Amino acid sequence: MQNFIDAYSPDNLRYLLGGLWITILVSVVSIIGSFIIGSILGVIRYVKIKYLSAVVGFIIDVIRNLPLLLILFFTYFGLPNLGVKPEIIPAAILAMTIFESTMLAEIVRSGIQAVDSGQMEGARANGLTYWQGLWHIVLPQALVKMIPAIVSQFISLVKDTSLATIILLPEMLFRSQIIYGQNTNYIIPMFVAIALMYFVVCYLLSLLSRYLEKRQA
């Protein structure tokens with residue numbers, strides 16, 4: 001018990017909360033970026049634009065089948081060889097945005113396909129163009145179907161930020177390692193603390209998912 005009391009000193013907690021802030025920052029920016037890019041890629045793949053959709057589909061399939069760790073390594077250690085030298089936080093955001101965009105692109109494409117084709121036919125019959133029907137009629141309905149899968153993917157993204165310790169991102173797990181590296185008696189208290197922090201963030205996202213589902217319904 002004394003180990004827990006000592007491990008959760010004000011200085012250690014402040015240090016851990018600083019890591020939580022970085023985790024949230026990287027997650028939020030990556031979520032926004034990947035949602036925008038993933039939605040665009042998903043629509044492009046769905047509408048089957050000549051050549052472009054095939055190229056986008058190939059890129060998505062390649063990236064989706066690569067481990068996130070490899071993409072993290074490439075953005076932080078590989079890009080400098082190409083003349084681009086991102087800092088740790090931008091590198092982590094870039095890697096996660098690229099990886100999650102491809103995952104979301106497939107969710108968006110599947111969500112649009114799940115909407116009954118009669119919806120588009122009805123939109124065209126009422127004088128809307130294909131793109132107007134897609135934007136105003138099909139996509140809003142598809143979004144409702146996609147909410148659980150999208151939020152689930154976002155929760156995975158939050159947890160995947162821990163992988164960025166490999167490029168020394170100073171998030172929760174990295175900072176907990178520094179704390180218990182100074183005193184091995186703090187290992188279990190630190191694991192308990194970061195587990196609780198991840199649980200709170202991910203549980204709040206799941207509650208948001210339920211709220212959005214009810215609101216859209």
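None of these values were measured; they are calculated from a predicted model.
Residues Leu134 and Ile112 form a side-chain contact, since some pair of their non-hydrogen atoms from C-beta on lies under 4.5 Å apart. Using a 4.5 Å heavy-atom threshold, the side chains of Phe77 and Ile166 count as separate. When side chains are defined from C-beta on, Leu169 counts as touching Glu171, because their heavy atoms get closer than 4.5 Å. You'll find the side chain of Tyr15 stays beyond 4.5 Å of the side chain of Met172, heavy atoms only. No side-chain heavy atom of Arg175 sits under 4.5 Å from any side-chain heavy atom of Ile194. Between Met197 and Val201, the closest side-chain pair of non-hydrogen atoms is not below 4.5 Å. With a 4.5 Å cut-off on side-chain heavy atoms, Arg45 and Leu41 do not count as touching.
Judged by distance alone, with hydrogens and angles left aside, the side-chain atoms of Gln141 form a donor-acceptor pair with the main-chain N or O of Ile137 at under 3.5 Å. Looking only at distances, a side-chain donor or acceptor of Ser34 sits under 3.5 Å from a matching main-chain atom of Ile31.
In this structure, CZ on Arg210 lies 11.0 Å from CG on Leu208, to the nearest 0.5 angstrom. Here the OG1 atom belonging to Thr165 is positioned 5.0 Å from the CG atom belonging to Leu173, to the nearest 0.5 angstrom.
Nearest heavy atom pair, residue Gly33 against residue Ser101, reads O-OG, 4.3 Å. Contact record, Leu94 with Leu79: CD2-CD1, 3.8 Å, taken as the closest heavy-atom pair.
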